Participant: 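Here's a structure for you.
It should be emphasised that the depicted structure is a prediction, and the values quoted were computed from it without experimental measurement. Note: hydrogens, waters and symmetry copies are ignored here, and every other heavy atom, side chains too, is used. Naming convention: chains lettered A, B, ... in sequence-line order (proteins, then strands); numbering from 1 in each chain.
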Amino acid sequence: MKIATWNVNSVRARMPNILTWLKTSSPDIVLFQEIKCETSAFPAFEFEALGYKSHALGQKSYNGVAILSRFPIEDTLEHLPENENDPQSRYLEATIQGLRVASLYLPNGNPVTLDPFQSPVQFSDKYLYKLVWMERFQKHAAQLLNKEHPIIFGGDYNIIPEAIDVYDPKGWELDALYYSNSRAAYRSLINLGFTEAFRTLYPHQKNSFTFWDYQAGAWPKDNGLRIDHFLLSPEAADRMITCTIDRTPRGEEKASDHTPVLLELQI
DNA sequence: ATGGTTGTTGGACAA
């Protein structure tokens with residue numbers, strides 16, 4: 001079973017790139033983030049023509065997540081518990097072939113503070129939203145773990161886990177993606193018992209980025225970040241075969257600023 | 001120091 005996660009930065013603007021990539025990579029399940037359209041505008045028919053069922057959770061202009069699958073998508077959950085009234089579409093969970101799979105788009109959270117010179121530090125509303133979102137996600141993840149099913153949480157976590165995952169760690173210390181509280185929250189999530197697929201397989205591999213900013217020549221200079229991750233429950237980790245980052249789509253015309261991550265499971 | 005880019009939109013805002 002091949003499962004991919006990809007922040008496409010607008011599904012409609014990215015259709016030519018996505019269709020090309022689907023044909024060459026041929027994943028069984030795809031987790032999209034930032035589809036940036038309402039559910040009714042999701043191009044389900046075009047994916048259906050390639051053999052994919054889909055379930056989209058859209059939103060006007062911003063955010064939005066979706067799942068494509070060659071197999072039936074069942075028992076969908078469109079919000080984290082406690083986030084039922086959140087207007088931001090960032091979480092979609094479903095059962096596919098006995099796997100509990102989620103496509104998640106964690107809040108960016110910048111800026112961390114409104115006034116960087118203020119002491120003590122006062123977090124911005126955006127950063128507090130990120131921290132609360134992570135707390136709710138962790139609570140939900142802990143409950144799901146108890147069921148002892150294979151779980152795959154894939155998506156844009158907007159978290160740089162460690163120094164090896166960013167081209168300039170010093171320069172990113174005050175950014176919400178690398179801020180100490182963000183990394184601490186991510187660590188405590190993993191410490192519930194999840195396996196982060198890529199870094200577990202390749203503990204020391206540098207320049208394994210999944211995102212390069214559109215600005216300042218980040219892509220040609222390889223000034224990237226590794227912020228798109230797969231977290232696996234023990235029952236899923238037992239079946240892990242490979243996890244790879246496919247840089248090819250980032251180098252093409254009209255590319256998303258993220259590139260896909262692929263996970264292969266024995267199933 | 002500022003600007004550098006892309007997408008949704010039709011002016012900011014988000015990333």
Side-chain angles (χ1 to χ4, degrees), chain A residues 5-21 31-43 46 56-66 83 86-91 103-117 123-134 154-161 165-168 170-179 181-183 185-186 209-229 245 247-261:
Chain A
T5 182
W6 191 7
N7 178 324
V8 289
N9 186 20
S10 172
V11 70
R12 291 181 293 178
R14 214 65 60 211
M15 272 320 260
N17 309 53
I18 293 172
L19 294 175
T20 301
W21 168 80
L31 313 174
F32 283 139
Q33 300 85 38
E34 280 207 90
I35 62 171
K36 285 189 169 177
C37 66
E38 289 175 290
T39 305
S40 58
F42 188 77
E46 294 184 61
L57 176 68
Q59 179 188 332
K60 191 179 168 70
S61 303
Y62 302 114
N63 310 313
V65 288
N83 265 2
D86 188 345
Q88 301 194 31
S89 298
R90 296 180 173 276
Y91 191 84
S103 176
L104 63 101
Y105 178 45
L106 218 141
N108 175 297
N110 275 307
V112 173
T113 61
L114 289 177
D115 180 1
F117 304 106
F123 290 146
S124 74
D125 287 348
K126 286 186 177 181
Y127 193 62
L128 290 171
Y129 175 66
K130 178 175 193 151
L131 292 178
V132 168
W133 205 99
M134 292 187 81
D156 178 358
Y157 284 71
N158 269 316
I159 296 278
I160 300 163
D165 299 311
V166 48
Y167 67 97
D168 173 21
K170 270 269 167 253
W172 283 76
E173 274 176 1
L174 297 181
D175 191 280
L177 278 60
Y178 192 58
Y179 200 73
N181 299 52
S182 308
R183 286 186 284 139
Y186 182 75
F209 305 133
T210 64
F211 165 91
W212 299 258
D213 202 292
Y214 286 125
Q215 304 180 71
W219 168 247
K221 290 189 228 169
D222 200 21
N223 287 345
L225 315 173
R226 196 176 70 90
I227 55 177
D228 300 271
H229 312 298
I245 299 166
R247 283 186 174 233
T248 311
R250 184 61 182 86
E252 303 194 328
E253 285 298 305
K254 295 275 289 174
S256 167
D257 41 6
H258 295 249
T259 215
V261 183

Participant: Quick check: on DNA chain B, is the nucleotide nearest A/Ala216 upstream (toward 5') of the one nearest A/Lys60, or the reverse? Name the residue that is more 5'.
Facilitator: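 Final value for this comparison: A/Ala216.
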
Participant: Quick one: which protein N/O atoms are closer than 3.5 Å to N/O atoms of nucleotides 11-15 of chain B? Pair and distance per line, please.
Facilitator:
| unit_1 | atom_1 | unit_2 | atom_2 | d |
| --- | --- | --- | --- | --- |
| B/dA14 | OP2 | A/Lys126 | NZ | 3.1 |
| B/dA14 | O5' | A/Lys126 | NZ | 3.4 |

Participant: Hey, is CG on A/Leu174 packed in by over 12 heavy atoms from elsewhere, all under 6.0 Å?
Facilitator: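 Open: at most 12 neighbouring heavy atoms sit under 6.0 Å from CG of A/Leu174.
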
Participant: Please assess A/Asn83 against A/Arg90 for the test side-chain contact (heavy atoms from CB on, under 4.5 Å), listing each intermediate value before the final yes or no.
Facilitator: CA-CA 10 Å; A/Asn83 265 2; A/Arg90 296 180 173 276; over 6 Å; no

Participant: For B/dG4 versus B/dA15, give the span between their C1' atoms, rounded off to a whole number of Å.
Facilitator: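 Result for the C1' pair: 14 Å, nearest Å.
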
Participant: I need the A/Phe32 CZ to A/Thr5 OG1 distance, nearest 0.5 Å.
Facilitator: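 Rounded to the nearest 0.5 Å, the CZ-OG1 separation comes to 9.5 Å.
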
Participant: Parallel, tilted or perpendicular for A/His229 and A/Tyr186, by the 30°/60° rule?
Facilitator: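 Rings of A/His229 and A/Tyr186: tilted, 30 to 60°.
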
Participant: Take atom CH2 of A/Trp219 and atom P of B/dG4, then tell me their distance rounded to the nearest Å.
Facilitator: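 One finds 23 Å between P of B/dG4 and CH2 of A/Trp219, rounded.
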
Participant: Separation of A/Glu252 atom CD from B/dT6 atom P, in whole Å?
Facilitator: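 One finds 16 Å between P of B/dT6 and CD of A/Glu252, rounded.
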
Participant: Taking only residues two or more places apart in sequence, or in another chain, which ones meet A/His258 in a ring pair (Phe, Tyr, Trp, His ring centres under 6.0 Å)?
Facilitator: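 In terms of ring pair (Phe, Tyr, Trp, His ring centres under 6.0 Å), with neighbours along the sequence ignored, A/His258 is linked to A/Phe211.
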
Participant: Using atom C1' of each nucleotide, how far apart are B/dG11 and B/dG7 to the nearest Å?
Facilitator: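 The same atom, C1', in both gives a distance of 14 Å.
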
Participant: Mind checking salt bridge (Lys or Arg N to Asp or Glu O under 4.0 Å) for A/Glu46 and listing every partner two or more places apart, or none if nothing turns up?
Facilitator: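 Expected list: none.
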
Participant: Could you give the distance separating B/dT6 and B/dG10 at their C1' atoms, to the nearest angstrom?
Facilitator: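 So the two C1' atoms sit 16 Å from each other.
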
Participant: Provide the distance between the two C1' atoms, one in B/dC13 and one in B/dT9, to the nearest whole Å.
Facilitator: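 My reading of the C1' atoms in B/dC13 and B/dT9 gives 11 Å.
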
Participant: Could you check how far CZ of A/Arg12 sits from P of B/dG7, rounded to whole Å?
Facilitator: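 Rounded to the whole Å, the gap is 13 Å.
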
